[in-house]
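As structure tokens, the structure follows; a few thoughts come after it.
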Amino acid sequence: MVKKLTTNDIRLAVLDMAGTTVADGGLVERAFAVAAEELGVEPGSADHAAKLDYVRATMGESKISVFRHLFGDEALAQRANTAFEKAYGELVDGGLVAPLDGAREAIEQLRAAGLTVVLTTGFARVTQDAILDALGWRDLADLTLCPADAGGRGRPYPDMVLAAFLRTAAADSVREIAVAGDTAYDMRSGTRAGAGIVAGVLTGAHDQAALREAGATHVLPSVAELPALIRDFGS
């Protein structure tokens with residue numbers, strides 16, 4: 001991707017991590033099981049199954065928001081979130097995450113073409129940093145953001161996308177932003193931010209129909225196809 005940027009181009013790419021650029025092999029569900037058991041949810045019970053179904057349905061949403069819905073009480077939600085982040089971090093430290101095929105190369109292509117790239121997540125900062133360290137990605141993107149970096153609200157709110165826009169000053173308009181993610185929550189976040197491209201990828205939680213219904217402007221097999229989409233955007 002060598003196209004020179006013009007006034008009509010995408011200048012900022014805001015990319016999700018787990019399911020979009022990072023393969024976590026179902027670690028979210030494994031970490032949830034640990035958190036649920038700590039709060040007394042019996043494995044194999046109907047309650048456990050119902051809560052796990054909700055976790056699957058809300059992939060992409062801020063994890064503390066998910067636990068607030070599941071457990072109601074703020075103290076319980078915080079306990080669950082702490083246990084989840086600890087369990088997930090231990091799994092990451094055990095070498096159970098990997099970059100999705102073509103993800104690193106896509107990010108490098110975007111930056112080489114003059115775009116600013118921001119990686120976002122619904123995890124807490126400590127977990128995001130553990131993933132970045134495990135992959136050797138500390139310096140891969142221009143900026144990384146978690147919900148706490150954007151005032152505390154994660155997806156489906158537009159806050160992380162808009163924080164990327166404001167912090168990087170890479171684009172003159174939100175229409176010069178491309179958002180990519182694997183969940184409906186990513187799509188809603190991008191559309192609410194006014195991004196010019198809101199691209200769903202089929203390497204994670206949600207299928208094409210769910211991504212389209214949530215506002216995806218494009219659906220790609222993977223993030224590896226994003227540089228070509230951005231290169232041809234508006235041409």
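Values below: all heavy atoms of this structure, side chains included; hydrogens, waters and symmetry mates excluded.
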If I compare all heavy atoms of [X] with all of [Y], which pair ends up nearest, and what's the gap?
X: Phe84; Y: Val28; value: CE1-O, 3.4 Å
X: Ala106; Y: Ala224; value: CB-CA, 4.2 Å
X: Met187; Y: Gly181; value: CE-O, 3.5 Å
X: Leu115; Y: Ile10; value: CG-O, 3.6 Å
X: Leu27; Y: Val97; value: CD1-CG1, 3.7 Å
X: Arg212; Y: Thr217; value: NH1-O, 3.2 Å

**OP:** If a pair satisfies ring-ring contact (aromatic ring centres under 6.0 Å, His included) and one of its residues is in residues 89-127, list it, with sequence neighbours excluded.
**Re:** Tyr88-Phe123
Original post:
Does any pair with a residue in residues 145-164 pass ring-ring contact (aromatic ring centres under 6.0 Å, His included), and if so which ones, sequence neighbours excluded?
Top reply: none
Would a distance-only check, ignoring hydrogens and angles, find a side-chain to backbone donor-acceptor pair under 3.5 Å from [X] to [Y]?
X: Ser189; Y: Asp159; result: no
X: Arg68; Y: Leu76; result: no
X: Arg175; Y: Gly194; result: yes

Is there side-chain contact between [X] and [Y], with heavy atoms separated by less than 4.5 Å?
X: Leu12; Y: Val174; value: no
X: Val118; Y: Arg167; value: no
X: Leu140; Y: Arg104; value: yes
X: Val223; Y: Leu100; value: no
X: Leu119; Y: Ile107; value: yes
X: Val22; Y: Trp137; value: yes
X: Leu229; Y: Ile197; value: yes
X: Arg56; Y: Leu52; value: yes

Near [X] [atom1], under 6.0 Å, is it more than 12 heavy atoms from other residues, nucleotides or ligands?
X: Asp139; atom1: CG; answer: no
X: Glu213; atom1: CD; answer: no
X: Asp101; atom1: CG; answer: no

Quick one: pull up [atom1] in [X] and [atom2] in [Y] and give me the separation to the nearest 0.5 Å.
X: Met17; Y: Thr127; atom1: CE; atom2: OG1; answer: 10.0 Å
X: Thr120; Y: Met160; atom1: OG1; atom2: CE; answer: 4.5 Å
X: Asp207; Y: Thr183; atom1: CG; atom2: OG1; answer: 12.0 Å
X: Leu162; Y: Leu145; atom1: CG; atom2: CG; answer: 11.0 Å
X: Leu96; Y: Leu91; atom1: CG; atom2: CG; answer: 6.0 Å
X: Ser222; Y: Leu226; atom1: OG; atom2: CG; answer: 9.5 Å

**OP:** State whether Phe32 and Lys63 meet the cation-pi test: NZ (Lys) or CZ (Arg) under 6.0 Å from the six-membered ring centroid, and within 45° of the perpendicular axis.
**Re:**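 Not satisfied by the 6.0 Å and 45° rule.
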Subject >> Verdict with supporting geometry, Glu90 and Val34, side-chain contact (heavy atoms from CB on, under 4.5 Å) >> reply: CA-CA 11 Å; Glu90 290 173 350; Val34 172; over 6 Å; no
**OP:** Go through the steps for Val41 and Phe71 under the test side-chain contact (heavy atoms from CB on, under 4.5 Å), then give the verdict.
**Re:** CA-CA 10 Å; Val41 179; Phe71 296 103; 4.0 Å; yes
Hey, quick one: are [X] and [Y] part of the same hydrophobic cluster, counting side-chain heavy atoms closer than 4.5 Å, chains of contacts allowed?
X: Val14; Y: Leu220; answer: no
X: Leu15; Y: Ile230; answer: yes
X: Val198; Y: Leu211; answer: yes

**OP:** Just grab all the salt bridge (Lys or Arg N to Asp or Glu O under 4.0 Å) pairs involving residues 186-195, residues at least two apart or on different chains.
**Re:** Arg155-Asp186
**OP:** List the steps, then state whether side-chain contact (heavy atoms from CB on, under 4.5 Å) holds for Asp149 with Leu143.
**Re:** CA-CA 11 Å; Asp149 298 322; Leu143 180 69; over 6 Å; no
Subject >> Check ion pair Asp129-Arg138 (N to O, under 4.0 angstrom) >> reply: yes
Original post:
Can you say whether the rings of His69 and Tyr54 are parallel (under 30°), tilted (30 to 60°) or perpendicular (over 60°)?
Top reply: parallel
Original post:
Lys51 and Val55: side-chain contact (heavy atoms from CB on, under 4.5 Å), yes or no, with the steps?
Top reply: CA-CA 6 Å; Lys51 284 180 166 58; Val55 169; 5.6 Å; no
Side chains of [X] and [Y]: do they bring a donor and an acceptor to under 3.5 Å?
X: Thr144; Y: Arg125; answer: yes
X: Thr20; Y: Asp182; answer: yes
X: Glu74; Y: Gln78; answer: yes

